[in-house]
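Heads up, the thing below is written out as structure tokens.
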Amino acid sequence: MKYISTRKKEETNIKTAILKGLADDGGLFMPEYIPQLEAEFLENLPNLSLQEIGFKVAKEFLGESIPNDNLKEIIDEVLNFEIPAVKISGNIYSLELFHGPTMAFKDVGARFMARMMAYFSEGKPMKVIAATSGDTGSAVASGFFNVTGIEVYILYPKGKVSPLQEKQLTTWGGNIKALEIDGTFDDCQALAKQILSDEELNQKFTLTSANSINIARLIPQSFYYFWTFSQLQKLGKPIVFSVPSGNFGNLTAGLFAKKMGLPIHQFIASTNANDVVPNYLETGNYEAKPSKQTISNAMDVGNPSNFERMKSLFNDDVSEFKKEIESYSFSDEETKQTMIKVKNDFNYTLDPHGAVAYLGLEKYSEKSDEDFVGVLLETAHPAKFVEVVEEVLKEKIEIPEKLEAFNKKEKQSVEFPTDFELVKSYLLEEHQ
Ligand SMILES: *Cc1c(COP(=O)(O)O)cnc(C)c1O
């Protein structure tokens, strides 16, 4: 299988696509075609484990680039936590993606990517650059922590992540460095892109990206769409996924799963006030905007990086987009009201991102008279957003031990203004 840049000027294999992250032409790598799974595999899903599904799906994208035994070992390590589809009420389920080490869905992608990079880099030293609006950084840090030969630089917007998120970014030490940028997430993302495309830095170091632009983050995110069918196919109804979206990596992975043959009935791309994609579907015009701060801050993205991948899947045709995806934007106020309602009515605690996804299902069911099973992707444990959740629900929530451990550690970060040259000289001087 070849991997081709969305800007069509570069073609390579999976190893290079993963090690580079971003193509030289500035595009994102996509598989040359989406592999098709046999009907037999799809029918047999209820009899397979999450790890068996992961192996089969990953193998389709990776081919012979990694021996089966190594891939099996990686998959078993990556997927060593549960991903249950938990019933909230009636036909509404929460796919709890937050049972990994940092309690956010990004653990799945980051753990897989870290292990694939370690495998393909064959022990050669490498610098991984990751911009984060909150959860990516900690999942990436956790995935790469203590991996020999790999140094990780995490750029995060000062004052714009939650206190616990900040602890999860800045308390690792060792091969993980936290760069605290006086700017927005978009500034961090722009700096990361500049670093990755800087000629001098690329001559000195092997640089790579760990953002959702890396194809190794997307591949494993498609596993749990199949896994949902394994759990819920028995209900015998069409399955609708509502995906709380920021950079649209999670949703793009779902689109992969559907193109591979999984009979997903409908996708709902649920966003907060950062509404470029819902606007695009409505008007046909894609207009990037500066990001707005919301209570679902891991989705505060004004120019979603995976839009380019979706565009290539849909041949840049908005009507093709509309066939697969409904997209709605919700305010913080609606998000809060939903958290309260779902807690009161069904005794289920949603985090703000999951609440946005819940709203998406509600809105879709108002418009549709079908009898469907709605699955919201619950992308973070509510305790990751403890300040917001406690304020909204007006009650204390329990902090799991896994998260409490971060709170007890000391923050270590290096501060920068939004200035590429300063960040560059730091990388050049301090870390040869
Ligand atoms: C990153 C993140 C999202 C958005 O996922 P994308 O793949 O960027 O669309 C949603 N919720 C949480 C908790 C996240 O960390």
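The first residue of the sequence shown is numbered 1, and numbering continues consecutively from there. Numbering of ligands and ligand atoms starts at 1, following listing order.
- Applying the 4.0 Å criterion to heavy atoms of Ala298 picks out, from ligand 1, the atoms 1 (C), 2 (C), 12 (C), 14 (C), 15 (O).
- The N/O atoms of Thr379, backbone and side chain alike, include one that comes under 3.5 Å of an N/O atom in ligand 1.
- Counted by atom type alone, Tyr224 and Asn250 present one or more donor-acceptor pairs between their side chains at under 3.5 Å.
- Atom-to-atom distance recorded for Leu95:CG and Ser242:OG is 12.0 Å, nearest 0.5 angstrom.
- Every atom of ligand 1 with a heavy atom of Gly246 under 4.0 Å away is listed here by number and element: 4 (C), 6 (P), 8 (O), 9 (O).
- Distances below 4.0 Å separate heavy atoms of Met299 from the following atoms of ligand 1: 10 (C).
- Under a 4.0 Å N-O distance rule, the pair Lys408/Glu404 does not qualify as a salt bridge.
- Contact annotation: Pro244 has at least one heavy atom less than 4.0 Å from an atom of ligand 1.
- Under the 3.5 Å distance criterion, the side-chain polar atoms of Lys384 are matched with a main-chain donor or acceptor of Thr102.
- Considering both main-chain and side-chain atoms, Ala104 never comes within under 3.5 Å of ligand 1 through any nitrogen or oxygen pair.
- For His99 and Phe81, the distance between ring centers is not under 6.0 angstrom.
- Under 4.0 Å from ligand 1, the heavy atoms of Lys106 that appear belong solely to its side chain.
- Within ligand 1, counting atoms from 1 as listed, the ones closer than 4.0 Å to a heavy atom of Ala380 are 13 (C).
- Judged by distance alone, the side chains of Thr6 and Glu308 do bring a donor and an acceptor atom under 3.5 Å apart.
- Distances below 4.0 Å separate heavy atoms of Gly249 from the following atoms of ligand 1: 6 (P), 7 (O), 9 (O).
- For the 3.5 Å distance criterion, the side chains of Asp186 and Ser291 qualify, holding a donor opposite an acceptor.
- Comment: Glu180 engages Lys411 in a salt bridge, judged by a side-chain N to carboxylate O separation of less than 4.0 angstrom.
- By the 4.0 Å N-to-carboxylate-O rule, Lys367 lies close enough to Glu326 to be salt-bridged with it.
- Close contacts of ligand 1 with Asn250, meaning ligand atoms under 4.0 Å from a residue heavy atom, involve 7 (O).
- For the pair Asn247 and ligand 1, the shortest N or O to N or O distance falls below 3.5 Å.
- Looking at Phe105 next to ligand 1, no N or O pair under 3.5 Å apart turns up.
- Contact between Phe98 and ligand 1 is absent, with no heavy atom of the residue lying under 4.0 Å from the ligand.
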